[in-house]
Amino acid sequence: MSSLTQTIGNMTFKSPIVAASGPVTDTVEKIKSLERAGVGAVSTKVTLFHQPIRGYRRMYAAPGLYNFNPSDIRNDFEAGVELVKRAREAVDIPLFANVAGRDDDLESWITIGRAMEEAGANALELNFSWPFPCG
């Protein structure tokens, strides 16, 4: 049987399948399950540097372009860092930390990136598509 192993930079993927950021990557148990199922890497559920509005669901829209109605959690800074830290201790596959800084604040991107690196992320997935207002 041929190998599906891939190497990119200093990361080795047991398979070319990467589980995208979403509800299936929001807990350590789910990430462990994905590793057992054979995924090569995981991108954790998005972590926001700043939660624009806490406590209720909201819909975003740009007429003619998109409607976005999030119904699952978005990790705040501390919860996202803890998820990466705990997942790093639990699995051997590469972990991508999906992060979103504030669009008007470069330092927020640097801060969240460094925190994820220290928590054990192998790489960052910069989430520029998260539609939230500045401020």
Side-chain angles (χ1 to χ4, degrees):
M1 176 187 264
S2 63
S3 172
L4 296 176
T5 301
Q6 301 289 315
T7 300
I8 300 172
N10 65 354
M11 294 182 291
T12 300
F13 299 76
K14 295 176 185 174
S15 82
I17 299 168
V18 177
S21 173
V24 299
T25 63
D26 66 1
T27 69
V28 173
E29 287 307 314
K30 291 177 186 176
I31 293 170
K32 287 168 56 176
S33 177
L34 289 165
E35 180 181 44
R36 285 191 303 271
V39 302
V42 168
S43 180
T44 61
K45 182 66 184 160
V46 66
T47 298
L48 304 178
F49 182 79
H50 166 73
Q51 292 276 359
I53 298 175
R54 291 182 184 259
Y56 68 91
R57 208 171 141 186
R58 89 181 260 178
M59 183 173 177
Y60 303 90
L65 296 176
Y66 66 83
N67 288 324
F68 180 66
N69 193 353
S71 59
D72 55 342
I73 64 166
R74 302 305 188 253
N75 288 318
D76 63 17
F77 184 86
E78 293 81 14
V81 170
E82 185 64 19
L83 173 62
V84 169
K85 182 178 180 182
R86 290 181 50 234
R88 177 70 295 139
E89 294 168 352
V91 299
D92 294 321
I93 58 177
L95 291 174
F96 290 69
N98 184 307
V99 298
R102 289 174 55 140
D103 58 353
D104 61 343
D105 180 9
L106 180 59
E107 272 307 307
S108 69
W109 291 92
I110 294 168
T111 299
I112 199 168
R114 285 183 177 153
M116 291 303 188
E117 178 183 31
E118 290 172 10
N122 298 95
L124 300 176
E125 179 182 355
L126 304 180
N127 192 329
F128 296 118
S129 66
W130 177 252
F132 60 90
C134 298

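Predicted, not measured: the structure shown is a model, and the values here were computed from it. Just so you know, residue 1 is the first one in the sequence shown, and it goes up from there.
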field: Shortest non-hydrogen contact from Phe49 toward Gly101
entry: CB-CA, 3.9 Å

query: Which heavy atom of Ile31 sits nearest a heavy atom of Thr44, and at what distance?
result: CD1-CG2, 4.3 Å

- prompt: Any chance CZ of Arg86 has more than 12 other-residue heavy atoms, nucleotides or ligands included, within less than 6.0 Å?
  reply: no

message: Same cluster or not: Ile110 versus Leu126, using hydrophobic residues (I, L, V, M, F, W, Y) connected whenever any side-chain heavy atoms lie under 4.5 Å apart?
response: no

- prompt: Got a second to check how far Leu124's CG is from Met116's CE, nearest 0.5 Å?
  reply: 8.0 Å

Check: Ile93 main-chain N/O paired with Lys14 side-chain donor or acceptor under 3.5 Å: no

Lys30 atom NZ: more than 12 heavy-atom contacts under 6.0 Å: yes

message: Just checking Glu82: does its CD atom have more than 12 heavy atoms from other residues, nucleotides or ligands closer to it than 6.0 angstrom?
response: yes

message: Checking the side chain of Thr25 only, and the main-chain atoms of Ser43 only, is there a donor and an acceptor separated by less than 3.5 Å?
response: yes

message: Using modelled atom types and a 3.5 Å cut-off, is there a donor and acceptor pairing between side-chain atoms of Ser15 and backbone atoms of Gly40?
response: yes

message: So does Asn98 get a backbone contact from the side chain of Ser21, meaning a donor-acceptor N/O pair under 3.5 Å?
response: no

Main-chain N/O of Arg102 paired with Trp109 side-chain donor or acceptor, under 3.5 Å: yes

field: Side chains of Glu125 and Val46 in contact at under 4.5 Å (non-hydrogen atoms)
entry: no

task: Spell out, yes or no, whether Phe96 and Val99 are grouped together once hydrophobic residues are joined by side-chain heavy atoms under 4.5 Å, including indirect joins.
output: no

- prompt: If two hydrophobic side chains count as joined below 4.5 Å and joins carry through other members, does Val91 share a cluster with Val39?
  reply: yes

query: Do NZ/NE/NH1/NH2 and the carboxylate oxygens of Lys32 and Glu35 come within less than 4.0 Å?
result: no

